[in-house]
Amino acid sequence: IGPRALKGQKQLKRVSIGSNIVKIGKRAFEGDTKLTSIIIKTKQLKTVESQAFKDISSKAVIRIPKARKKAYTKLLKNRGQKKSVKIKTK
């Protein structure tokens, strides 16, 4: 997913990241204030750039594959989302 790909999509509520994605670019979801559900299906994610989730909803939940919990929790930490955003396994 490229840098600023879905920036400012104020009506966007849910996103499903497919199984072939390896990178989420800088500020990809910035300003998507109603974004409350992000489902990451890929087990190949290697990079999440800075501020990728800046200004998404404070009630957002990011769901990750159970098999990659430790790696993805570390990868998604401090990527612009508020501390109230939860990271859960599917």
Closest non-hydrogen atom pair between S84 and S58, with its separation: OG-O, 2.6 Å
Exam field: side chain T36 to backbone A60, donor-acceptor pair closer than 3.5 Å: no
Linked hydrophobic residues, L76 as query - side chain contacts closer than 4.5 Å: I1, L6, L12, V15, I17, I21, I24, F29, L35, I38, I40, L45, V48, F53, I56, I62, I64, Y72, L75, V85, I87
Heavy-atom closest contact (K26 atom, S50 atom, distance): CG-O, 3.3 Å
K86 atom NZ, over 12 foreign heavy atoms within 6.0 Å: no
Residues that R63 engages under side-chain hydrogen bond (donor to acceptor under 3.5 Å, both in side chains), provided they are two or more places apart: none
Interatomic distance, R27 atom CZ to K54 atom NZ [nearest 0.5 angstrom]: 5.0 Å
Check: T33 and Q11 side chains under 4.5 Å, non-hydrogen atoms: no
Distance (rounded to the nearest 0.5 Å) between K74 NZ and K69 NZ: 15.5 Å
Over 12 foreign heavy atoms within 6.0 Å of NZ, K82: yes
K23: side chain to side chain contact (heavy atoms under 4.5 Å, CB included) partners, not counting sequence neighbours: T47, E49
D32 side-chain N/O to G8 backbone N/O, donor-acceptor pair under 3.5 Å: yes
Closest non-hydrogen atom pair, A52 against G25: CB-O, 3.7 Å
